[in-house]
Amino acid sequence: MSTQTSDKPARNTTAWWREADRKHHLSPFTDYKQLKESEAGARIVTRAEGVWLTDSEGVRILDGMAGLWCVNVGYGRKELAEAAYKQMLELPYYNTFFKTATPPPVELAEKLAEITPAGLDMVFYGSSGSESNDTVARLARFYWKLKGKPEKAHFISRTYAYHGSTMAAASLGGMTPMQEGYGLPLPGFHHVDPPYWFDFGGELDREEFGRQAAKQVEDKILEIGPDKVAAFIGEPIQGAGGVIIPPDSYWPEIQRICRQYDVLLVADEVICGFGRTGYMFASEHFGIEPDMMTMAKGITSGYIPLSGVMVSGEIGRTLVEAGGEFFHGYTYSGHPTACAVALANIDIIEREELVRKVREETGPHLAKRLAELAEHPIVGEVRSLGLIGALEIVQKKRPRTRFPGNGKAGTICRDHCFAHNVVLRAVRDGMVMAPPLTISTEEIDELVSRLRTCLDLTAKDLGAG
Ligand code: PXG
């Protein structure tokens with residue numbers, strides 16, 4: 001417990017929040033020493049409307065990341081606040097354990113069965129993407145046990161994948177810094193290369209590279225033994241890994257391989273879902289028919305935590321017909337307030353035709369504006385689908401050559417963006433973006449124009465301008 005002393009900043013001012021943040025708050029993915037030593041401290045965001053954040057100094061910031069890839073319907077939606085308020089007054093919480101249910105999770109389950117890809121018709125709820133991917137790991141093993149194949153317990157995923165921060169989700173993920181020194185991945189979690197043509201494709205034709213990347217999954221299944229592999233999991237587009245959009249040849253091959261070896265195919269739609277790519281789910285675009293699909297983020301546009309795992313009819317039937325308790329669940333599985341917000345959020349997405357707008361209007365506009373940046377001297381590639389996109393910073397365009405310092409150029413550009421009040425993420429030497437789906441074409445122009453300025457400054461800093 002701290003007490004106020006005279007040299008302390010006044011309570012609830014920027015300086016006070018920064019000091020309290022440094023002293024008492026352990027933020028995720030933070031170098032605490034670096035934060036402590038940094039002059040500025042954290043930027044304190046106090047309010048937001050549409051695609052614009054406002055910080056505690058009154059500065060307006062264009063949010064090119066929709067929070068953390070989640071605020072799909074934009075900020076300031078009264079309907080979502082009202083849905084939560086109404087539900088909290090009526091029944092803020094009751095559990096879904098022990099043969100009980102409440103109306104919102106049931107109504108949402110019915111809605112999700114309607115809007116998710118064909119074949120997926122039951123949902124298991126959690127409160128985060130990590131929890132849902134942990135559920136996948138347990139559910140896949142439970143399923144194979146019920147099928148009389150308990151030895152089918154291994155998982156295959158990709159490097160640069162992000163599936164969450166809990167132990168199983170981080171094992172499914174392919175971020176080495178999250179694993180080394182943390183005793184991860186857990187036994188039984190295997191990784192292959194991602195379908196990342198720009199960094200790994202060399203001189204190969206994209207589609208040939210896509211087929212070779214998929215073949216790695218087949219080779220890995222054969223190495224482990226098909227009778228031991230439970231599931232393959234992948235984000236249709238790897239988000240946190242750098243917005244890796246696979247060649248068209250990739251997913252159909254993955255699907256064929258999974259079917260051939262009786263391996264469950266799991267799509268992690270935590271970022272891609274709920275309209276991000278111009279489809280309600282990116283699986284539709286890539287022709288993926290997943291056996292399980294995880295969702296979070298855009299399901300409530302980040303207004304309240306909620307996640308889910310959709311399962312196929314076959315998995316659902318097996319659970320129901322074989323019987324035996326699934327020893328798994330969270331206090332907040334099917335939280336009524338979160339589910340009420342999700343229903344109101346999906347209603348906005350549908351009523352405002354956000355998915356169609358992203359596919360036909362704002363997505364193509366972003367692609368067009370990004371294509372202009374491809375001419376920039378330090379831009380090696382631009383790519384996007386709907387409102388998720390990336391550009392690669394390079395020293396030389398042909399052959400594709402990075403700046404020295406692996407990630408340094410990206411960090412420089414990200415810091416310029418921060419200073420120019422546009423939030424974009426740097427992933428190694430790529431700049432990634434995922435604005436709210438409500439962003440206007442004018443706001444996209446503003447985002448791209450600020451990014452261009454920051455690329456110019458980055459080029460100058462790197463002696464390439
Ligand atoms: N799957 C995917 C595809 C994700 O992007 C998770 C699962 C985990 O969700 P939770 O709700 O447990 O965080 C994510 C999360 C970043 C960043 O810096 C990305 C995420 C989370 C935090 C930071 O890009 N994605």
Side-chain angles (χ1 to χ4, degrees), residues 26-31 63-72 124-137 155 157-175 177-178 184 189 191 194-195 231-246 266-277 281-283 286 288 290 292-310 330 332-333 335 338 341-342 385 387-390 407 410-411 414 417-418 423-428 430-435:
L26 292 171
S27 321
F29 287 89
T30 298
D31 179 334
D63 186 4
M65 288 306 301
L68 266 181
W69 325 76
C70 55
V71 187
N72 288 17
F124 191 101
Y125 291 114
S127 303
S128 69
S130 304
E131 284 181 5
S132 277
N133 285 322
D134 269 52
T135 297
V136 161
F155 296 90
S157 63
R158 287 93 53 89
T159 45
Y160 292 163
Y162 191 80
H163 296 298
S165 245
T166 50
M167 298 295 264
S171 298
L172 288 171
M175 304 284 191
M178 291 178 69
L184 299 177
F189 291 77
H191 300 83
F232 169 84
I233 185 169
E235 304 150 74
I237 293 173
Q238 284 173 254
V243 181
I244 301 169
I245 305 181
V266 185
D268 179 339
E269 293 256 11
V270 166
I271 282 180
C272 293
F274 298 93
R276 170 67 47 208
T277 63
F281 295 93
S283 290
F286 290 108
I288 309 168
M292 291 195 232
M293 187 181 93
T294 50
M295 315 163 287
K297 296 186 188 273
I299 193 170
T300 55
S301 288
Y303 277 62
I304 194 165
L306 182 71
S307 68
V309 185
M310 294 299 300
Y330 310 105
Y332 300 130
S333 285
H335 194 289
V341 172
L385 181 68
L387 287 177
I388 182 168
T411 306
R414 196 264 326 272
C417 290
F418 196 79
V423 182
L424 296 174
R425 290 257 289 101
V427 179
R428 299 175 300 279
M431 297 302 296
V432 300
M433 61 203 77

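In what follows, every heavy atom counts, from backbone to side chain, and hydrogens, waters and symmetry copies are set aside. Just follow the structure's listing: the first ligand is 1, and inside any ligand the first atom is 1.
Of all the heavy atoms in Ile299 and Leu306, the pair that sits closest is CG2-O, 3.4 Å. Closest of all the heavy-atom pairs between Ala390 and Val432 is CB-CG1, 4.0 Å. Considering every non-hydrogen atom in both Asp134 and Ala169, the closest pair reads OD1-N, 3.0 Å.
Between Phe155 and Phe189, the angle of the ring planes stays under 30°, which puts this pair in the parallel group of the 30/60° scheme.
Between Ser307 and Ser132, the side chains place a donor N or O and an acceptor N or O closer than 3.5 Å (distance only, hydrogens not considered).
A donor-acceptor distance shorter than 3.5 angstrom exists from the side chain of Glu269 to the backbone of Ser283, with no hydrogens or angles considered.
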Please tabulate, one line per pair, the protein N or O atoms found under 3.5 Å from any N or O atom of ligand 1, giving the distance to one decimal.
residue: ligand 1; atom: 1 (N); partner: Tyr162; partner atom: O; Å: 3.3
residue: ligand 1; atom: 1 (N); partner: Asp268; partner atom: OD1; Å: 3.3
residue: ligand 1; atom: 1 (N); partner: Asp268; partner atom: OD2; Å: 2.7
residue: ligand 1; atom: 9 (O); partner: Gly129; partner atom: N; Å: 3.4
residue: ligand 1; atom: 11 (O); partner: Gly129; partner atom: N; Å: 2.9
residue: ligand 1; atom: 12 (O); partner: Gly129; partner atom: N; Å: 3.4
residue: ligand 1; atom: 12 (O); partner: Ser130; partner atom: N; Å: 2.7
residue: ligand 1; atom: 12 (O); partner: Ser130; partner atom: OG; Å: 2.5
residue: ligand 1; atom: 18 (O); partner: Arg425; partner atom: NE; Å: 2.8
residue: ligand 1; atom: 18 (O); partner: Arg425; partner atom: NH2; Å: 2.4
residue: ligand 1; atom: 24 (O); partner: Trp69; partner atom: NE1; Å: 2.8
residue: ligand 1; atom: 24 (O); partner: Arg425; partner atom: NE; Å: 3.3
residue: ligand 1; atom: 24 (O); partner: Arg425; partner atom: NH2; Å: 2.8
residue: ligand 1; atom: 25 (N); partner: Lys297; partner atom: NZ; Å: 3.1

